[in-house]
Amino acid sequence: MPRREPRYWLMKSEPSVYSFDDLVREKRTFWDGVRNYQARNLMRDEMKVGDRVLFYHSNADPPGVAGLAKIVKEAYPDPTQFDPKDAHFDPKSKPEDPRWVVVDLAPLKKLKRFVSREDLRGAPKLKDMGVLRRGNRLSVQPVTPGEWRAVLALGGVKSG
DNA sequence: GCCAACGTTGGC
DNA sequence: GCCAACGTTGGC
């Protein structure tokens, strides 16, 4: 059965919490802690194995795209929602009807150069990119193929 | 540290 | 169902 074409995403992480280098070191992680319905719906309904991800460092100095990742497992329940000791515990979520999901992520490729937010802003092809919009707090966002290619070019890699 | 933007909560 | 209050995100 033919897979659909890979889609492209941007996912935000605070590097002080979990950085792209952490992902490279661990080789794989589950993307926990998403507690926004719009982001949850994208992960649950739209993300498929093989999709590509811009790993974006938010609340960083400087903020920007630190690397490329890929989806290696589709959505399943976020275990942290059931753990009272976890910062992302959700007392309203029941195991028989989980509210939040994770996907698994693995590194795809390192960029030759970190692509800062300022770099993104300077690229005409990226003028409509979601992450650059003022006030945008969505931690999981779709990226167009053109945007993906433009970011890779800024990062000094030919394909990914 | 500031604060704009936005999502969520809860009183009514 | 409205909307004010509140909490969070995240750039600067």
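The chains referred to below are lettered A, B, ... by the order of the sequence lines, with proteins before strands, and numbering in each begins at 1. Heavy atoms only: backbone and side chains are in, while hydrogens, waters and symmetry mates are out. Note that the coordinates shown come from a computational prediction; the quantities given were computed from them, not determined experimentally.
You'll find the ring centres of Y37(A) and W100(A) inside the 6.0 Å limit. Taking the ring centroids of F55(A) and W31(A), they lie under the 6.0 Å cut-off.
R40(A) places no side-chain N or O within donor-acceptor distance of the main-chain N or O of V34(A), the cut-off being under 3.5 Å. Between the E26(A) side chain and the L23(A) main chain, no donor and acceptor come within less than 3.5 Å of each other.
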Please produce a list of atom pairs where a protein N or O lies less than 3.5 Å from an N or O of nucleotides 7-11 of chain C.
| residue | atom | partner | partner atom | Å |
| --- | --- | --- | --- | --- |
| dG7(C) | N2 | R137(A) | NH1 | 3.3 |
| dT8(C) | O2 | R137(A) | NH1 | 2.4 |
| dG10(C) | OP1 | K12(A) | NZ | 2.7 |
| dG10(C) | OP1 | R137(A) | O | 3.0 |
| dG11(C) | OP1 | Y56(A) | OH | 3.0 |
| dG11(C) | OP2 | N59(A) | N | 3.0 |

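Along DNA chain B, the nucleotide closest to G135(A) and the one closest to K92(A) are compared, and the more 5′ of them pairs with G135(A).
Nearest heavy-atom pair, S19(A) versus H57(A), reported as atom, atom and distance to 0.1 Å: CA-NE2, 3.6 Å.
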